[in-house]
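Residue numbers start from 1 in every chain, and the chains themselves are labelled A, B, ... in the order their sequence lines are given, proteins ahead of strands.
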Number of protein chains: 4
Amino acid sequence: MGTGKQQRRGDTRQRIQDVALELFAEQGYEKTSLREIAERLEVTKAALYYHFKTKEDILTSIFDDMTRPIDELIEWGKEQPRTLDTKRAILTRYSEILTNAAPLFRFMQENQATMRDLKTGESFKDRMLALLDILRDDDPATPMTAQVRCFSALFTMHGGMFVLKDADGDPEEKRKAILEVAIELVTQAHHGA
Amino acid sequence: MGTGKQQRRGDTRQRIQDVALELFAEQGYEKTSLREIAERLEVTKAALYYHFKTKEDILTSIFDDMTRPIDELIEWGKEQPRTLDTKRAILTRYSEILTNAAPLFRFMQENQATMRDLKTGESFKDRMLALLDILRDDDPATPMTAQVRCFSALFTMHGGMFVLKDADGDPEEKRKAILEVAIELVTQAHHGA
Amino acid sequence: MGTGKQQRRGDTRQRIQDVALELFAEQGYEKTSLREIAERLEVTKAALYYHFKTKEDILTSIFDDMTRPIDELIEWGKEQPRTLDTKRAILTRYSEILTNAAPLFRFMQENQATMRDLKTGESFKDRMLALLDILRDDDPATPMTAQVRCFSALFTMHGGMFVLKDADGDPEEKRKAILEVAIELVTQAHHGA
Amino acid sequence: MGTGKQQRRGDTRQRIQDVALELFAEQGYEKTSLREIAERLEVTKAALYYHFKTKEDILTSIFDDMTRPIDELIEWGKEQPRTLDTKRAILTRYSEILTNAAPLFRFMQENQATMRDLKTGESFKDRMLALLDILRDDDPATPMTAQVRCFSALFTMHGGMFVLKDADGDPEEKRKAILEVAIELVTQAHHGA
DNA sequence: TATGAATGAGAGTTCATTCAT
DNA sequence: CATGAATGAACTCTCATTCAT
């Protein structure tokens with residue numbers, strides 16, 4: 001209904017990011033060619049290069065926009081006392097972040113090999129470790145199982161998103177169940193288990 | 001001398017699989033070219049095609065060899081009563097399988113996007129679901145959290161492998177800690193939590 | 001402050017030529033992109049097209065400005081008697097022209113393949129032949145060696161510029177030595193050797 | 001007459017070098033695309049990559065074959081006494097080398113900007129300097145003009161090839177004239193002029 | 001006097017794959 | 001049991017150029 005090329009002006013950069021993430025998540029980073037992205041947008045490949053310096057740059061730019069909430073969460077977490085309440089809050093907020101940026105996290109989950117040699121991947125790993133640092137206690141007496149529980153909580157949340165995608169049931173209910181289990185894991189760890 | 005090309009006769013097929021898995025795990029499936037594999041083996045690309053029909057075929061053959069233990073485990077599990085002991089045994093044996101074929105599972109973990117459109121990937125996913133089916137009870141009254149706990153157990157074991165790779169501590173100890181947490185999760189699920 | 005964009009007004013055309021010649025001489029014509037030129041000037045590529053019709057046009061314009069002295073020299077030379085003194089004067093003045101427009105001549109020296117299919121290149125070659133015509137005598141009895149000596153004189157002057165650039169010694173002294181040899185070559189030619 | 005694809009087997013590498021040099025000399029290195037080379041040979045671009053690792057590698061391989069005579073000449077020259085006879089012999093033999101590999105030297109002459117950032121170019125420059133070192137005397141009292149005469153001799157020979165290409169007269173006669181002038185220049189230099 | 005946005009053509013390069021020998 | 005030679009399709013990326021604003 002008239003939303004043709006007119007409305008597109010000025011938002012091309014954004015549209016590239018959207019379509020790219022869509023395809024990256026759908027097919028993987030390596031298997032998605034710039035030709036595909038361009039075709040789906042009905043622009044030329046060269047147009048992509050007007051807005052982004054390289055293919056990797058497209059991906060990076062998507063991350064930059066979407067990982068800001070995580071950085072804020074980490075910063076906030078670092079300033080809080082290491083209480084169980086803090087940890088619960090971290091997980092709760094992280095669960096929301098995950099939900100809001102689901103395609104991006106699905107992409108990461110499924111393209112770890114690719115992420116590994118992208119600068120962006122490296123920095124994301126650092127963020128995860130920072131979150132882990134907040135969840136677990138630095139006490140050297142902390143048993144190994146407690147550490148396992150903590151990363152298990154994180155993994156459960158990440159994995160849950162797209163595993164339960166296929167399962168039946170209300171998405172919101174599923175999300176809450178995942179969060180609940182994650183919180184429980186961290187709670188046990190907090191109590192030294 | 002003597003360990004040169006002489007000894008190599010006849011085991012080329014095996015050597016291709018070894019090197020291929022090594023590289024696939026290291027760099028990802030898409031980013032590993034047949035040229036690289038051939039070069040590292042000091043044979044020509046064409047030689048690979050004598051032993052395998054396609055690139056995908058190399059990967060598939062590796063899986064065929066290595067997933068047999070899982071199939072046996074599933075078959076065994078299906079015939080057992082759905083007791084907690086059975087589930088514990090499943091997890092314990094699965095932990096060993098994972099350890100024995102670590103590079104392969106690391107590969108799967110990091111190349112999910114690739115796995116998705118390989119026939120092999122599909123069938124592996126089926127195996128995972130079969131395992132899940134044994135771990136969780138089919139009772140429709142089973143709460144969602146119980147289901148989450150089950151796949152969380154599986155995810156924890158998968159993820160643990162290469163997350164704890166970087167962490168300090170004795171590998172065997174780490175493996176046991178992971179298994180312990182996984183069993184606990186399934187136990188809770190078994191009790192309807 | 002004050003030497004910023006303010007002072008630049010109106011001399012953009014000149015600045016483009018300067019930067020372009022700089023880069024053309026440094027990297028060659030083909031390997032210098034308009035993007036580079038624009039970036040170094042902190043303007044957009046499109047701005048270049050406001051001032052010049054094509055890339056080649058930029059180069060041509062530089063030549064037009066800088067080859068005028070040569071045209072004047074040729075014109076002057078044609079009107080003079082073909083004495084040895086005239087030839088000496090030609091070489092002396094040409095040596096000065098070369099020194100004043102060193103980057104341009106370095107560019108030509110090193111980009112002959114490019115020059116060949118530029119209209120400008122063709123016309124420059126004509127100029128060289130015109131100079132040669134003045135230096136050598138048209139007498140059909142002139143031995144081949146005399147002709148060789150004449151173009152050798154020209155070549156020596158051209159090549160000297162950037163060969164001796166690396167050598168040690170005072171630049172002005174080197175220039176004089178080159179001129180001296182060139183004059184000697186033409187002198188010998190003039191005397192029929 | 002039956003010299004179709006049959007005869008071509010096994011000499012593809014050589015044919016690529018031949019055609020490449022032909023085109024490089026004709027149009028310049030940058031302006032010659034691999035597509036052109038491939039088309040003229042009636043093979044695909046990929047075939048070129050079977051025989052050579054990169055475009056630059058094609059050029060390098062041509063040089064490797066053709067500069068061997070120069071290396072031998074330099075080696076020979078270094079072992080000789082620095083007499084005038086030696087220098088004359090150097091020039092004479094160099095003149096023959098130049099004639100035999102005329103297209104290559106024409107290419108170098110006209111693509112100096114390109115040569116400059118090729119490893120091959122660097123090493124060729126070294127060879128020229130080595131030749132110069134033999135021609136000129138290391139005596140610090142040697143006047144600048146003597147040095148100029150020496151490189152002028154070399155330049156004259158290089159330049160002569162393709163300048164006199166257009167001129168009228170017997171090629172062999174022209175070559176001899178050039179050689180004569182070059183020898184004279186070096187002779188004068190040798191006598192301290 | 002310039003810019004922002006885009007294009008079409010083409011570059012060099014790599015890939016999985018084939019097949020006669 | 002393997003190689004040498006080649007292909008076709010695709011890739012990422014760069015270029016000179018255009019044009020409405």
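- Protein atom CG of D/Asp57 is 11 Å distant from nucleotide atom P of E/dT14, rounded to whole Å.
- Taking atom CD1 of residue A/Ile16 and atom P of nucleotide E/dA5, one finds them 11 Å apart after rounding to whole Å.
- The nearest heavy atom of DNA chain F to A/Lys55 and to D/Ala47 marks one nucleotide each, and the one closer to the 5' end goes with D/Ala47.
- When each of C/Ala46 and C/Tyr29 is assigned the nucleotide of DNA chain F with its nearest heavy atom, C/Tyr29 is the one assigned upstream, toward the 5' end.
- Dashed line: the shortest gap from a side-chain N or O of D/His51 to OP1 or OP2 of F/dG4 is not under 4.0 Å.
- Distance, C/Glu30 CD to F/dA16 C1': 13 Å, rounded to whole Å.
- Between A/Phe107 and A/Phe24, the ring planes are tilted. Angles from 30° to 60° get that label.
- In this structure, the CG atom of D/Leu48 is 13 Å from the C1' atom of E/dT14, given to the nearest Å.
- Remark: B/Arg35 is in phosphate contact with E/dC15, judged by side-chain N or O atoms under 4.0 Å from OP1 or OP2.
- When the nearest nucleotides of DNA chain E are assigned to B/Glu56 and D/Glu36 by heavy-atom distance, the more 5′-ward of the two goes with D/Glu36.
- C/Glu39 places its CD atom 12 Å from the C1' atom of F/dT14, with the value rounded to the nearest Å.
- Separating the CG atom of B/Leu41 from the C1' atom of F/dT3 is a distance of 15 Å, rounded to the nearest angstrom.
- The side-chain heavy atoms of C/Glu110 and C/Arg106, taken from C-beta on, include a pair separated by under 4.5 Å.
- Listed nucleotides: F/dA6, F/dA16, E/dG8. Nearest to the side chain of C/Tyr49: F/dA16.
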(Q) With salt bridge (Lys or Arg N to Asp or Glu O under 4.0 Å) as the criterion, how do A/Arg40 and A/Glu36 come out once you've worked through the C-alpha distance, each side chain's angles and the decisive distance to 0.1 Å? (A) CA-CA 6 Å; A/Arg40 191 172 289 204; A/Glu36 276 179 292; over 6 Å; no
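- One can find a donor-acceptor pair under 3.5 Å joining the base of F/dT17 and the side-chain atoms of C/Lys45.
- Across all strands shown, F/dT7 is found opposite E/dA16 as a Watson-Crick or G-U wobble partner, with both distances under 3.5 Å.
- Between the CG atom of A/Leu23 and the P atom of F/dC11 there is a distance of 12 Å, rounded to whole Å.
- At E/dA6, one or more side-chain N or O atoms of A/Thr12 fall inside 4.0 Å of OP1 or OP2 (strictly under the cut-off).
- Seen from the ring of A/Tyr49, A/Lys55 does not count as a face-on cation partner, given the 6.0 Å and 45° thresholds.
- The nucleotide F/dT21 finds its pairing partner in E/dA2, both defining distances of the Watson-Crick or G-U wobble pair being shorter than 3.5 Å.
- For A/Ser33, the side-chain atoms get nearest to F/dC11 when compared with the rest of E/dG8, F/dC11, E/dA5.
- Taking side-chain N and O atoms only, D/Tyr50 has a distance below 4.0 Å to OP1 or OP2 of F/dA5.
- Here E/dT17 presents its C1' atom at 14 Å from CD1 of B/Ile37, a figure rounded to the nearest Å.
- Taking the six-membered ring where tryptophan is involved, the planes of B/Phe124 and B/His158 are tilted, since the angle between them lies from 30° to 60°.
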